[in-house]
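One structure is given below, encoded as structure tokens.
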2 protein chains.
Amino acid sequence: MSDLLERLRGRGWRLTSQRRVVAQVLDGDHVHLTADEVHARAALLLPEISRATVYNTLGELVSLGEVIEVSTDGRAKRYDPNAHHPHQHLVCSRCGMIRDVHPSGSPLTDLPPAERFGFTVSTVEVTYRGLCPGCTQTLSS
Amino acid sequence: MSDLLERLRGRGWRLTSQRRVVAQVLDGDHVHLTADEVHARAALLLPEISRATVYNTLGELVSLGEVIEVSTDGRAKRYDPNAHHPHQHLVCSRCGMIRDVHPSGSPLTDLPPAERFGFTVSTVEVTYRGLCPGCTQTLSS
DNA sequence: ATCCTACGATGGACTCAGTCCAAGTCAAGA
DNA sequence: TCTTGACTTGGACTGAGTCCATCGTAGGAT
Ligand SMILES: [Mn+2]
Ligand SMILES: [Mn+2]
Ligand SMILES: [Zn+2]
Ligand SMILES: [Zn+2]
């Protein structure tokens with residue numbers, strides 16, 4: 001994720017320790033943390049980082065397109081650093097676990113012009129819901 | 001929507017004036033109201049109905065499958081009485097307006113077994129995002 | 001028609017996620 | 001090293017939704 005820090009510097013960002021730590025926490029695959037989880041992990045590395053700063057930084061990363069905001073039903077939004085490889089999500093309706101998935105077909109073209117009602121359609125979001133292996137077992141035993 | 005009231009009676013529900021009024025407010029096509037909007041409209045017909053009752057009734061209707069809960073990003077959930085005709089949603093990212101749409105293709109089968117990671121996948125939700133005709137014009141002028 | 005009571009309604013307190021703001025701090029250019 | 005505006009901080013605040021003790025009433029029983 002150090003290339004992310006490079007890109008941010010290129011955009012005129014001040015490289016504060018807080019921003020470095022948030023970027024570090026978001027590094028990896030299949031990462032879908034809530035803001036509070038990001039805050040908790042960041043605080044292990046930089047104890048006095050504030051919740052407000054985590055929210056600010058995540059918001060900035062989202063509007064730069066470096067992180068995707070995933071809103072799952074009623075719970076807290078999740079933040080996904082895997083923004084440069086388009087993908088969809090498979091969510092466990094019991095425990096909330098999320099996996100990245102890559103469906104075949106292109107959902108955007110599945111919406112015929114007659115069904116667009118004059119909208120300028122730009123993105124599509126597909127969420128598969130079901131039970132993860134662990135929860136399937138728990139509920140059937 | 002009187003058939004809805006019939007079905008509810010069949011399930012042992014007490015037909016209170018509050019439940020009747022909520023059912024009445026939810027009648028119609030392309031209805032996607034927030035809980036507070038349902039409350040406001042219900043209160044025109046039955047002034048002292050409480051927010052808690054609206055939430056309770058909506059929750060019950062959802063778990064009976066009579067109403068669908070649509071969670072749009074960070075805002076309040078919307079409640080959709082069009083539960084017996086499967087459909088997806090087209091949402092204006094600026095003003096929040098929602099239209100029902102019927103994409104071709106079946107998104108559920110677009111997820112190959114290899115991409116299911118042992119999940120028992122039961123539903124799929126597709127949200128198309130873009131600008132409605134009004135907002136497209138506003139932003140381009 | 002009246003009574004009974006379990007189911008439902010009420011409103012106010014509470015939680016949780018997220019935003020806002022005034023004051024203090026510090027990264028980085030001069 | 002100095003300066004300054006961008007950034008951070010913690011606490012107050014908001015909005016959506018839940019919880020709960022208490023009260024009311026739908027509808028079956030008599
Ligand atoms: Mn993802
Ligand atoms: Mn709908
Ligand atoms: Zn699970
Ligand atoms: Zn619009």
Side-chain angles (χ1 to χ4, degrees), chain A residues 5-25 32-43 45-64 66-80 96 98, chain B residues 4-25 32-43 45-64 66-80 96:
Chain A
L5 290 176
E6 285 308 317
R7 289 198 294 279
L8 297 182
R9 178 156 32 197
R11 291 181 185 253
W13 274 35
R14 286 202 191 165
L15 294 190
T16 65
S17 52
Q18 291 84 350
R19 286 171 169 175
R20 254 187 289 266
V21 160
V22 169
Q24 188 175 341
V25 164
H32 303 95
L33 298 171
T34 65
D36 278 331
E37 286 165 353
V38 171
H39 178 242
R41 297 190 186 197
L45 304 167
L46 185 68
E48 283 315 308
I49 189 174
S50 72
R51 259 175 29 102
T53 294
V54 170
Y55 273 104
N56 288 342
T57 306
L58 290 173
E60 290 155 350
L61 290 171
V62 168
S63 59
L64 291 184
E66 296 286 353
V67 163
I68 290 171
E69 209 172 52
V70 181
S71 10
T72 68
D73 58 288
R75 307 182 236 197
K77 288 179 190 165
R78 294 185 170 273
Y79 292 88
D80 182 349
I98 299 185
Chain B
L4 167 59
L5 291 176
E6 285 308 316
R7 289 199 294 280
L8 297 182
R9 180 156 32 196
R11 292 183 185 253
W13 274 35
R14 285 198 192 168
L15 294 191
T16 66
S17 51
Q18 290 84 352
R19 286 172 170 175
R20 253 187 289 265
V21 160
V22 169
Q24 189 176 339
V25 165
H32 303 96
L33 299 170
T34 64
D36 278 332
E37 287 165 353
V38 171
H39 179 241
R41 297 188 186 199
L45 304 167
L46 186 68
E48 285 312 312
I49 188 174
S50 71
R51 260 176 29 101
T53 294
V54 169
Y55 273 105
N56 288 341
T57 306
L58 289 173
E60 290 155 350
L61 290 170
V62 167
S63 59
L64 292 183
E66 297 285 351
V67 163
I68 289 171
E69 209 172 53
V70 181
S71 11
T72 68
D73 58 289
R75 307 180 235 198
K77 289 178 189 165
R78 293 183 171 273
Y79 292 88
D80 183 350

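Note: hydrogens, waters and symmetry copies are ignored here, and every other heavy atom, side chains too, is used. So that the names make sense, note that chain A is the first sequence line, chain B the second, and so on, each numbered from 1.
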Query raised in the report: Counting just side-chain N and O atoms, does A:Q18 come under 4.0 Å of either OP1 or OP2 of C:dC26?
Result: no

Requested in this report: Working to the nearest 0.5 Å, report the span between OG1 of A:T34 and NZ of A:K77.
Outcome: 12.5 Å

Report task. Can you tell me which residue pairs pass the salt bridge (Lys or Arg N to Asp or Glu O under 4.0 Å) test with a partner in residues 49-61 of chain A, sequence neighbours excluded? Result -> A:R19-A:E60, A:D36-A:R51

Report task. Grab the CD-P distance between A:E48 and C:dG24 for me, whole Å please. Result -> 18 Å

Report task. Take atom CZ of A:R19 and atom C1' of C:dC26, then tell me their distance rounded to the nearest Å. Result -> 12 Å

**Report entry** Approximate separation, where rounding is to 0.5 Å, of A:R20 CZ and A:Q18 CD
**Finding:** 9.5 Å

Requested in this report: Check whether any side-chain N or O of B:S50 sits under 4.0 Å from OP1 or OP2 of C:dA9, and answer yes or no.
Outcome: no

Requested in this report: Round to the nearest Å and state the distance from B:L61 atom CG to C:dG8 atom C1'.
Outcome: 14 Å

Report summary line: As a check of understanding: the bend across the helix from C:dA1-D:dT30 to C:dA30-D:dT1, end axes from five pairs, rounded to 10 degrees, works out to 20°

Query raised in the report: How long is the gap from CD1 on A:I49 to OG1 on A:T57, to the nearest 0.5 Å?
Result: 6.5 Å

Requested in this report: Take the protein atom CG of A:L46 and the nucleotide atom P of D:dC7, then report the distance between them rounded to whole Å.
Outcome: 17 Å

Requested in this report: Assign a letter to each nucleotide of nucleotides 17-30 of chain D from its 5' end: B, base within under 4.0 Å of a protein heavy atom; S, sugar-phosphate only; -, no contact.
Outcome: BBB-----BBS---

Requested in this report: Using atom NE2 of B:H39 as one end and atom C1' of C:dG11 as the other, report the distance to the nearest whole Å.
Outcome: 10 Å

Report summary line: Taken to the nearest 0.5 Å, the spacing of A:W13 CH2 from A:L8 CG works out to 5.0 Å

Requested in this report: Quickly work out the A:L8 CG to C:dA27 P distance and round it to whole Å.
Outcome: 16 Å

